[in-house]
Amino acid sequence: MRHYLRNWLTGVSLGTLMFGSLACDTMDEELVQQADLQVRNVVSAPAVGFSDDHDDGSNSGWTNIWSRGWYELNGAMHPFDARQQMGLIINNSETSTNGILEVEMTADRWNGQHGCVAFRYASPDEYYCVAVQPGNEWSNQIIFMKNTTNPYQGTVVGTHNGTSTSFTLKIELQNDTFDIYLNGVHRATVVDADLPAGKVGYGYSDQWNAFTAFDKITWTPVQYSVCGNGVVEEEEVCDDGVNDGSYGGCEPGCGELAAYCGDGTCDAEETEQNCENDCQPDYELALVVQYDLVIDLTDEIIEYMGDMLAEGYKVKVIPWSDSDGGAVELRNQLIAEYNRSNISGAWFIGDLPAAWYEQIGFSDAHEEFPFDFYFMDMDANWTDADSDGIFDGHDGIQTEIFVSRITGSIAEIEAYFDKIAEYRAAGLSVDPSSYLFKDDDWADETSTATHGLEAIYDTVDFCTTTACTTRQNYMDRVTGMGAGFVYQWIHSSPTTLYISGEGSGTVNVSDIRTGGFQGAFYNLFDCSAARFTQENLGMTYVMQSDKGLGILGSTKTGSTYAPEVFHAQLGAADTWGDAFVAWVNDTGVTNELWHMGMVIMGDPMLKLTAPSAPEAAASAATVAAPAAPVELSAKEIKRLERLMAKHAHDKELKNFKEYRNSHRKFFQ
C-alpha cells in the first residue's frame, strides 16, 4: 500500500495554453473589406521582387509578345499609336505564385479600359489581365480578362466611385484569389484557379489609338500561410495537413486546435487515467505534505482520505519537496488546483513555506510576521515596495480558499491523525460547552458578551470578572472538565500566557504538554500565540495536548474581538476552514492591523457537530444569523490597541531574517 501511494503521489505538472481571437469593428462595407484583407496570413517574402519606373527610354528587360510595339517616353511605357493589333509586353523577371503587383497608370476617361495589367502570364494563350475605366457619367468599370486583352470579352468585376485619369492599380495575388485595389481602396475580388503562376506585364486591345500609358510597376513576391500544407505558419494556430477537427489535431481553417488533453475539457476520448488534467474530479481539499513525511504518514493519509470520502469529500495529496520552491511557488500551485480542481482549501502538513508581511502596527510600531491570507486569496496582488522579501502592500482581499497548518514530529502528527479519527468516529470526548475566559484588562469591557458562542454549544460558561480570572481557575477548567470550545482573552507571547491581577501567573507551552489539557477547539485572543514559524501556544494546544483539535489565533499583536460570524458558521455545521473563510471575508478584511496575522491550525475539515455521513453534513439547511457583534466605539478600540501593544511580549518574536536563515531551502 505504501508503494502504491508513493507512486500515486508523484503529481502532474500543469501548463496552460491560451489563444486569442481577432475582432473587427465595422464602419462601412469598404472598411470591413479592408480590415478583413489586412489579417491575411503573410509570412515572409521568399525572393527579391523588381520595379521599373520606365525612365531610361529603353525596353530592356521586357519582351514584346505580339506585333504591336511598345516604347518608353517621359517615364512611362506606351503601346504604339495608330495600330490595330493586340499587344502584350511582359517583364522577363520570374515571379512567384503569390505577391503584390502595383502599377501607376494614366488612362482616358472614355477608353482607358483598352489597356490592362497582365499577370500569371505563361504563354500568349494563358494569362490574366485587369483593366480600369477611370469613370465618366456612364461607366466606371473594373474589368477582369482571361487569355485576352479585349475588354469586351472580359467580365466586369467591380466599379468605383470615380477617379482621376491618373491612378494606382494594385492586385494582390494569394493562390487562386486576386484582390483588386484602386488608389488603395479594395474594389473587387476574383477567384480563378486555372493559372497557378506566371510573369507580369502590360496588355492592350486592338483599338486603333493608344489611350493608356503605364508608369512605375512594382512586383513584391509574398508567401502566404497555406492551411493544409502541414506547416504552422504565421497567424496559424495549427496545421496538421488534414485539419478536419479530429481529436488531437487541428480545426478547419487552421485557426484553432481541436480537442486535446490539456484543453480544460474532459472530451469523449479522455478519462481520468489518460488525461488527469482535464478529467480529474473536483477535490474539496488539497493535502500539501512535506515530502520527507509522506512515506511515514502513508497509512494515516489513506485512512484520512477514506474518512473524508465517507463525509462526501475528495482529497488530493500534493507532496512538497525543498526543490519545489517557496511561498510564491506554493501559492501558484494552490491557484492551479483551485482553477483545475475547484478546491475549497488546503491543509499544510509539516515544515512548508511561509509568506511574511510587514506594517506599522499598534502604537506606530513596526511589525513583521508570517501570515496565510497570501495563500487564501487566489487573485490578490501583493507588493514588496522595498524588495526585502516581506510583503508590505496589496489590493483588495477576498479569500476563496482556507489554509490551515500542523507541524511536529512524525509521532506527534500520527497522534494527531488518531485524535481526529477518534473524533469523527465517536464525537466530542470533553464537556460539550463553550468556556469564555477574559482576563483583568477586559473585565470592564464586554464582560457579559457571549460573542455568539451560544451558536456552537447550548452551554456557555463565563469567567470574566477579576475575581474569576485567576491562573488557578483557568487551569482547573482546562485540565479538569475541559470544554469543546475555549475563547480566551489573555496577554501572551508566542509561548506564554500572562494572567494578570489577583491570582496572576503564567501558562506556557510546557504546561500545556504535561498538564492534561481538555480543550478541543480554541479561539485565542492572545497576541502572537499562533506564530507558527517558531514554537507557539497554538500548535502546542493542537499537537501536544490530549484533546486539542483546532485553533484560531494570530501570529502578531492582535486577534479578533468580533468573532461572531466565525462562531455562527461553526454552529451551522460549517467546517473549521469554511468558517474561517466566512469570517475573513466578513470581518477579517476590515482591519488588517488587528487581523492580518489571523491563521487556523488543525484539520480544516473538522466540524464541531462531527457529522459521520454526507446526509449529516447537509442537515443544516440554513445558517443561523450570527449574534450581533460587540459594538465598540473608536475610542474603545484604541484602548484595546494600547492594551495589546503595552502588554505584547515582542522580545520572543523571531523575525523574517531569522526565518530565512533557518529555511534557506525556500529561498533558493
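All values reported here derive from a predicted model rather than from experimental measurement.
- Inspection of the Asn136 and Asn140 side chains reveals no N or O donor paired with an N or O acceptor under 3.5 Å.
- Relative orientation of the His394 and Trp382 rings is tilted, given thresholds of 30° and 60° on the angle between their planes.
- Taking the six-membered ring for Trp, His54 and Tyr202 have ring centres closer than 6.0 Å.
- Between Phe50 and Trp62, the ring planes are perpendicular. Angles over 60° get that label, and only those under 30° would be called parallel.
- With no hydrogens or angles considered, no side-chain donor-acceptor pair links Gln333 and Glu329 at under 3.5 Å.
- Aromatic ring orientation, Phe666 versus His663: parallel (interplanar angle below 30°, classes split at 30° and 60°).
- The nearest pair of heavy atoms linking Asp239 to Val226 is OD2-O, 3.0 Å.
- Lys314 and Asp282 are not joined by a salt bridge, as no carboxylate oxygen comes within less than 4.0 angstrom of a charged side-chain nitrogen.
- Remark: aromatic rings of Tyr313 and Tyr283 are distant, center separation not under 6.0 Å.
- With Thr399 as the fixed residue, the side-chain hydrogen bond (donor to acceptor under 3.5 Å, both in side chains) test singles out one of Asp377, Asn585, Asp372: Asn585.
- Across all their heavy atoms, Pro353 and Gly326 have their closest contact at CB-C, 3.5 Å.
- The distance from the OG1 atom of Thr168 to the CD atom of Glu102 is 6.5 Å, given to the nearest 0.5 Å.
- Summarising the geometry, atom CE belonging to Met378 is positioned 6.5 Å from atom CD1 belonging to Ile343; distances are rounded to the nearest 0.5 Å.
- No hydrogens or angles considered: nothing links the side chains of Asn147 and Asp125 as a donor-acceptor pair under 3.5 Å.
- Annotation: side-chain hydrogen bond (donor to acceptor under 3.5 Å, both in side chains) contacts of Thr148 (sequence neighbours excluded): Gln153.
- There is no side-chain donor-acceptor pair under 3.5 Å between Thr265 and Asp278.
- Side chain to side chain, Asn183 and Thr163 meet the donor-acceptor criterion of an N or O pair below 3.5 Å.
- Taking all atoms of both residues into account, the shortest heavy-atom contact from Gly325 to Trp320 is O-NE1, 3.2 Å.
- Note: His114 and Tyr152 meet the aromatic proximity criterion, with ring centroids under 6.0 Å apart.
- Checked by atom type, the side-chain pair Gln85/Tyr204 shows no donor-acceptor distance below 3.5 Å.
- Annotation: Phe144 is in aromatic contact with Tyr128 [ring centroid separation under 6.0 Å].
- A 4.5 Å side-chain heavy-atom check between Met145 and Cys116 finds at least one atom pair inside the cut-off.
- Side-chain contact annotation: Ser58 with Asp56, donor-acceptor N/O pair under 3.5 Å absent.
- Here the two rings, on Phe667 and Phe656, have centers that are under 6.0 Å apart.
- Ring centroid separation for the pair Phe580 and Phe402 does not come in under the 6.0 Å cut-off.
- Using a 3.5 Å distance cut-off with no hydrogens or angles, the side chains of Ser321 and Asp324 do pair a donor with an acceptor.
- One side chain, Asn98 or Asn175, offers a donor N or O that lies under 3.5 Å from an acceptor on the other.
- When every heavy atom of His595 is checked against every heavy atom of Thr587, the shortest pair comes out as ND1-O, 3.5 Å.
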